Each structure stands twice: as structure tokens, then as C-alpha cells.
Amino acid sequence: MSHIVLFGPPGAGKGTQSAMLKTEAGLGHISTGDALRAEVAAGTPLGKEVGAVMASGALVSDDLVIGVLKSRLESLNGVKGVVFDGFPRTVAQAQALDQMLASRNESVAAMVSLVVDKEELIERLLKRAEAEGRADDTRESIAKRFDEYQAKTLPVADYYRGQNKLVEVNGSGSVEEVFQRIRQATGV
Ligand code: ADP
């Protein structure tokens, strides 16, 4: 199993590159952001609990997200590995993921960190806001998401660096260029 954690700030292209890894490299894809948005859209009790938190740009609680991740992981079958997109976003989540995988005799092969200038990130997010109208792609929520990223998510890179699993990939350029860089860096 070749599990990859796709890491980077909001707008870095995690969702786009995950889709490439799914179709071109045969990996399963778990996006906690997509999973949570589906709960909100379906109006489930979980969705009702997290909708406002997500719209504000704050992180959802570790317990809730770890539960969502676990059920998605258990329902994935017949894949060569999984791309984790938007998870782990805190060190506690990274520890929970390690434990979950260890209980299956599996582990994270690499964390791919997509590196993109902040100016380009904001430009991409505002463009996406026009195209998709995501509730958290407002200037205010974008600012909050960057704050959360700095404070809580950046330390996750150090966590994987400590395991010698961090690979930095230039996330600027065309979707195909970035994808080829990821393939080269990870061998998937
Ligand atoms: P982004 O483009 O900001 O990376 P995502 O779609 O991955 O967006 O996540 C959107 C929102 O969903 C986050 O701002 C947060 O509220 C919630 N969320 C997604 N994944 C997690 C997670 N692992 N831990 C906590 N909250 C999460």
C-alpha cells in the first residue's frame, strides 16, 4: 500500500492533484473537506454541527474529522493506496492516522507538500469563489483559513519531516506539470 498525504495551504491544488492521482495512478482518494461538505449538503446531524464552523474558515474538531476519516478509510476497497487530501490538518490528526494505519499493518509512504506563493493562492481562491461559490471562499474566511493553516496545520509538516517522509513539490505551473513532479517525487 502506498499511502500519500497531500499537504499545502488553501488553494495549493490538493483537490486537483488528488483527482489526477486517482485517475492516473489508481489511488483511492479521501478528502475530509469534500466529506464534510457532503454532510452539510445532506443536512445530517453532523452536517448541521459543522456547517457554520466550515463557513467561517475555522477547523472542525479533531474528534469529528477523525471519525469521518475512519469511516471513509474502512469503506475503501481494492485500491493500491490512498491519497489523503486535507487530512491530517493537526498533529493530533496525524497521530490518529498513524495509529489507524498501524492497526492495518500499513503506514504513510510520503507527505507531498505543494508549495505556492501566497499571492497566487489568494488569486486562485477568489477565482474559485466566482466559479463554484463555496461558502468559505470569501475574503474573510480565506484569511481565517490561512491563520488556521499557520497555527495548527504547518506543524504537521514537521511531524512528517521527523519521520523523513516530507517531500516538497513546486505547486505552480500547469496541472500536468505539477502532477509529473509529484509522480517523480513519490514514484507512484
Ligand atoms: P481548503 O481548500 O481550504 O484546503 P478543504 O476543502 O480541504 O479546503 O476544507 C474546507 C474546510 O473543511 C476547512 O476549512 C475546515 O473547516 C474543514 N476541514 C476539512 N478537513 C479538515 C480537517 N482535517 N480538520 C479540521 N477541519 C477540516
Side-chain angles (χ1 to χ4, degrees), residues 1 3-23 27-79 81-104 106-108 111-112 114 121 124-125 128-157 159-160:
M1 288 291 224
H3 297 308
I4 294 187
V5 171
L6 209 48
F7 185 80
K14 298 183 294 286
T16 306
Q17 293 301 328
S18 296
M20 296 289 283
L21 285 159
K22 185 176 174 182
T23 51
L27 298 178
H29 174 211
I30 300 178
S31 159
T32 45
D34 287 351
L36 293 169
R37 275 187 290 278
E39 299 280 345
V40 174
T44 65
L46 175 66
K48 290 197 173 109
E49 197 172 337
V50 302
V53 175
M54 290 176 74
S56 77
L59 291 185
V60 171
S61 80
D62 284 337
D63 283 353
L64 286 182
V65 179
I66 289 166
V68 166
L69 190 276
K70 193 159 188 272
S71 72
R72 294 273 156 157
L73 185 60
E74 283 164 358
S75 67
L76 263 187
N77 289 309
V79 292
V82 176
V83 188
F84 295 96
D85 163 9
F87 183 98
R89 252 179 164 93
T90 64
V91 172
Q93 291 178 19
Q95 289 164 339
L97 179 62
D98 272 355
Q99 276 175 17
M100 250 182 264
L101 294 177
S103 71
R104 300 155 55 110
E106 296 167 12
S107 61
V108 169
M111 170 194 255
V112 174
L114 293 172
L121 292 171
R124 288 182 184 181
L125 290 169
R128 184 172 75 189
E130 282 173 24
E132 297 176 17
R134 237 174 74 168
D136 60 349
D137 279 343
T138 63
R139 274 192 188 277
E140 204 184 359
S141 299
I142 290 170
K144 175 71 179 167
R145 280 153 65 201
F146 278 108
D147 288 348
E148 292 279 78
Y149 176 77
Q150 285 283 343
K152 297 177 187 160
T153 305
L154 262 184
V156 178
Y159 178 85
Y160 287 100

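No experiment lies behind these values; they were computed from the predicted model shown.
- Residues Val156 and Met111 form a side-chain contact, since some pair of their non-hydrogen atoms from C-beta on lies under 4.5 Å apart.
- In this structure, Arg104 contributes its side chain and Leu101 its backbone to no donor-acceptor pair below 3.5 Å.
- Using a distance-only test at 3.5 Å, with no hydrogens or angles considered, a donor-acceptor pair links the side chain of Arg124 to the main chain of Gly11.
- Using a distance-only test at 3.5 Å, with no hydrogens or angles considered, a donor-acceptor pair links the side chain of His3 to the main chain of Val82.
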I would like to know whether Arg37 and Asp34 meet salt bridge (Lys or Arg N to Asp or Glu O under 4.0 Å); could you show each step before the answer?
CA-CA 5 Å; Arg37 275 187 290 278; Asp34 287 351; 2.9 Å; yes

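- Phe84 has its side chain out of reach of Leu6: every pair of non-hydrogen atoms, C-beta onward, lies at least 4.5 Å apart.
- In this structure, Asp137 CG and Leu125 CG are separated by 5.5 Å, a value rounded to the nearest 0.5 Å.
- Under a cut-off of 6.0 angstrom, the local environment of CD in Gln95 is crowded, with over 12 non-hydrogen atoms contributed by other residues, nucleotides or ligands.
- The CE atom of Met54 sits 5.0 Å away from the CG atom of Leu36 when rounded to the nearest 0.5 Å.
- Annotation: side chain of Asp85 is in contact with side chain of Lys14 (closest heavy-atom distance under 4.5 Å).
- Atoms CG and CG, from Leu121 and Leu114 in turn, are 10.0 Å apart once rounded to the nearest 0.5 Å.
- Between atom CD1 of residue Ile142 and atom CZ of residue Arg128 there is a gap of 8.0 Å, rounded to the nearest 0.5 Å.
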Given Tyr159 and Val5, is the side-chain contact (heavy atoms from CB on, under 4.5 Å) satisfied, shown in steps?
CA-CA 12 Å; Tyr159 178 85; Val5 171; over 6 Å; no

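- Atom-to-atom distance recorded for Thr16:OG1 and Leu21:CG is 11.0 Å, nearest 0.5 angstrom.
- Of the possible polar contacts, none joining the Thr90 side chain to the Lys152 backbone as a donor-acceptor pair under 3.5 Å is found.
- Taken to the nearest 0.5 Å, the CD atom of Glu106 stands 4.5 Å off from the CE atom of Met1.
- The side chain to side chain donor-acceptor pair (under 3.5 Å) contacts involving residues 40-55 comprise Glu39-Thr44, where partners must be two or more places apart or lie in separate chains.
- Here the side chain of Ser56 pairs a donor or acceptor atom with the backbone of Val53 at under 3.5 angstrom.
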For a quick test of your reading: what N or O donor-acceptor pairs under 3.5 Å do the side chains of residues 65-74 make, sequence neighbours left out?
{"from": "Lys70", "atom 1": "NZ", "to": "Glu74", "atom 2": "OE2", "distance (Å)": "3.4"}
{"from": "Ser71", "atom 1": "OG", "to": "Val68", "atom 2": "O", "distance (Å)": "3.2"}

Show, in sequence, the C-alpha distance, side-chain angles and deciding distance for Phe87 and Leu97, and conclude whether the side-chain contact (heavy atoms from CB on, under 4.5 Å) test is met.
CA-CA 9 Å; Phe87 183 98; Leu97 179 62; 3.9 Å; yes

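- Formation of a donor-acceptor pair under 3.5 Å by the Glu148 side chain with backbone atoms of Leu59 is found in this model.
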Which is it for Ser61 and Leu64 under the side-chain contact (heavy atoms from CB on, under 4.5 Å) test, yes or no, and what are the steps along the way?
CA-CA 6 Å; Ser61 80; Leu64 286 182; 3.5 Å; yes

Are Asp62 and Gln93 close enough, and set up right, to give a side-chain contact (heavy atoms from CB on, under 4.5 Å), and what steps lead you there?
CA-CA 6 Å; Asp62 284 337; Gln93 291 178 19; 2.9 Å; yes

